[in-house]
Each structure stands twice: as C-alpha cells, then as structure tokens.
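These notes concern the structure reproduced below.
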Amino acid sequence: MRLEDALTLVREVPDFPEPGVLFRDLSPLLADADAFRAVTDAFAAEIPDGVSTVVALEARGFLFGAALAAVHGFGLVTVRKPGKLPVVADSVTYSLEYGTATFELPEGVVEPGANVVIIDDVLATGGTIEAAAGLVDRAGAKVAAVAVVVEIAALGGRERLAGHNLRSLLVV
Ligand SMILES: O=P(O)(O)OC[C@H]1O[C@H](OP(=O)(O)OP(=O)(O)O)[C@H](O)[C@@H]1O
Ligand SMILES: Nc1ncnc2[nH]cnc12
C-alpha cells in the first residue's frame, strides 16, 4: 500500500479526551496490515545511517517503535509511564496538549554514545518528545532523529523541537 493511502486511515475524533481537543486516532491504520506495514517501512526510510536503537514512547509510540525495530533491525528502548519499570535510570515530568505526565527511562539499556531515533505516533505541543529527548541526552546518547506519524502543525511542536532532526509522515 502507498503511504499516502495508509495515512488516510488516521481518524479525527472531536472533543477527546477533553472538550476542544481534536484527537488523531491511529487505530484504523494499525488495524490494516498493509497500512501498518507501509508506515513501518516509511519510518525505516527516514532513519539516518548509524542509528542503532529505537526509543519508543509509551503507549502509542510502542506500537510503531517496536514494529520498526523488529522489522528493520534496531534495538528497542521503551520510555515508560511511572511505576512500570523495576530499575529506573532517570525520570522527567512534562506537559502535553491535554495534561501532564511523567516518563521513566530503564537503567542500563541506553548505551552512552549511541545514536538513537525517538518514535511516537503524534507530535502535538512537543512536550512529550522534548522530555524523552532530555532523558536520552542525560543518558549520554545522541538523538539522531525524531519521527512521528502525525504532526499537528498548529500546536508548535516543530518549533519547540528546533535543533532536532524531525521527520513527520503526515502534517495536519
Ligand atoms: O506533543 P504533545 O503535546 O506532548 O503530545 C503528544 C503525545 O500525546 C499522546 O500521548 P499520551 O500521553 O496521551 O499517551 P498514550 O500514548 O499513552 O495514549 C501521544 O501519543 C504523544 O505521545
Ligand atoms: N490531538 C491529539 N491527537 C492524538 N494524540 C495527541 N496527543 C496530544 N494531542 C493529541
């Protein structure tokens, strides 16, 4: 399936999870095997040479990050919401379009000096990815690229992540 056809499966849901938010729901895209594969392959084409590791962000970033890592041969690091990891290297609290959250990085899985790519489903304000990039940076690794399926341009995430190599498959 062509990437542009796969991306037509992103669904818009008004007023979720709170009034005023237009939620971009990737469930229909994930449910279509050809579309999911097209997105996974499109991500792979965006990864710079020298990247060893995919850093995937809980929860929806896990889906795309794990598929990319498994199909295209990268290690996978999961950045998790609090209370899930038995051994935590570092944590950060951040705000996103509709609230605040905390991320934790597992101990001993980000190699200092490694080149990593951060994968998530949606870039909105950029708070989530900025927080994850901070964890990677403090672990001594390099964020070689950041890639998302959907970038919501009006929310300014790209500006907030200035200086990062940001790749978006769909800008809305
Ligand atoms: O650019 P931002 O304004 O930071 O928002 C983007 C983040 O919001 C969503 O995650 P959410 O925390 O809702 O969690 P989920 O993936 O666990 O559903 C989405 O998956 C991104 O991670
Ligand atoms: N509008 C939105 N749709 C889906 N995920 C989001 N994360 C933050 N804002 C979002």
Side-chain angles (χ1 to χ4, degrees), residues 3 6-32 35-36 38-40 42-43 46-47 53-70 74 76-85 88 90-106 110 116-139 141 143-172:
L3 178 64
L7 294 170
T8 64
L9 296 175
V10 177
R11 173 164 69 188
E12 295 184 349
V13 182
D15 300 320
F16 182 86
E18 56 188 44
V21 174
L22 182 60
F23 191 81
R24 313 286 166 163
D25 179 18
L26 280 69
S27 305
L29 188 158
L30 288 162
D32 184 306
F36 191 18
V39 164
T40 302
F43 270 141
E46 300 291 339
I47 308 305
T53 305
V54 169
V55 174
L57 310 187
E58 186 166 353
R60 287 173 269 146
F62 286 179
L63 307 169
F64 296 100
L68 170 64
F74 299 97
L76 179 68
V77 168
T78 56
V79 167
R80 300 219 55 181
K81 302 275 170 69
K84 304 292 185 184
L85 290 171
V88 175
D90 197 0
S91 73
V92 60
T93 296
Y94 59 94
S95 41
L96 65 157
E97 188 184 4
Y98 39 70
T100 62
T102 298
F103 267 161
E104 295 180 345
L105 184 72
V110 172
V116 313
V117 59
I118 295 176
I119 297 286
D120 207 353
D121 64 332
V122 173
L123 172 67
T125 66
T128 301
I129 287 175
E130 182 182 54
L135 291 174
V136 170
D137 190 50
R138 291 205 294 270
V143 181
V146 171
V148 296
V149 183
V150 181
E151 172 185 348
I152 305 172
L155 294 178
R158 179 169 289 275
E159 292 69 32
R160 187 163 180 173
L161 299 177
H164 284 288
N165 176 12
L166 171 64
R167 316 291 177 94
S168 310
L169 302 184
L170 174 66
V171 180
V172 295

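All values below come from the heavy atoms of this structure, side chains included, with hydrogens, waters and symmetry mates left out. Whatever order the structure lists ligands and atoms in, that order sets their numbers, starting from 1. On a predicted model such as this, the values are computed, not experimentally measured, just so you know.
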Q: Might you list the protein residues in contact with ligand 1, defined as having a heavy atom under 4.0 Å from one of its atoms, sorted by chain and number?
A: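 Within 4.0 Å of ligand 1, protein side: E58, A59, R60, K81, L96, E97, Y98, D120, D121, V122, L123, A124, T125, G126, G127, T128.
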(Q) Is there a side-chain contact (heavy atoms from CB on, under 4.5 Å) between E130 and L161? Walk through the geometry before answering. (A) CA-CA 7 Å; E130 182 182 54; L161 299 177; 4.0 Å; yes
Main chain of [Y], side chain of [X]: is a donor-acceptor contact present, judged purely on distance under 3.5 Å?
X: D15; Y: G20; result: yes
X: N165; Y: A144; result: yes
X: R167; Y: E46; result: yes

**Q.** Whether F64 and F36 hold their rings parallel, tilted or perpendicular, with breakpoints at 30° and 60°
**A.**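 Correct class here is perpendicular.
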Q: Apply side chain to side chain donor-acceptor pair (under 3.5 Å) to S95 and T100, showing your working.
A: CA-CA 4 Å; S95 41; T100 62; over 6 Å; no
Q: Measure across L85 and R80 and return the closest heavy-atom pair with its distance rounded to 0.1 Å.
A: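 For L85 versus R80, the nearest heavy atoms are CD2-CD, 3.7 Å.
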Would you mind writing out a table of all protein N or O atoms found under 3.5 Å from any N or O atom of ligand 2, naming both atoms and giving the distance to 0.1 Å?
| from | atom 1 | to | atom 2 | distance (Å) |
| --- | --- | --- | --- | --- |
| ligand 2 | 1 (N) | L22 | O | 2.9 |
| ligand 2 | 1 (N) | E97 | OE1 | 3.0 |
| ligand 2 | 3 (N) | R24 | N | 2.8 |
| ligand 2 | 5 (N) | R60 | NH1 | 3.2 |
| ligand 2 | 7 (N) | Y98 | OH | 3.1 |
| ligand 2 | 9 (N) | E97 | OE1 | 2.5 |

Q. Is the shortest distance from a Lys or Arg side-chain nitrogen in E12 or R24 to a carboxylate oxygen in the other one below 4.0 Å?
A.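 Salt bridge present between E12 and R24.
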Q. Can you tell me how far the CG atom of L123 sits from the CD1 atom of I129, to the nearest 0.5 Å?
A.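 If we round to the nearest 0.5 Å, L123:CG and I129:CD1 are 5.0 Å apart.
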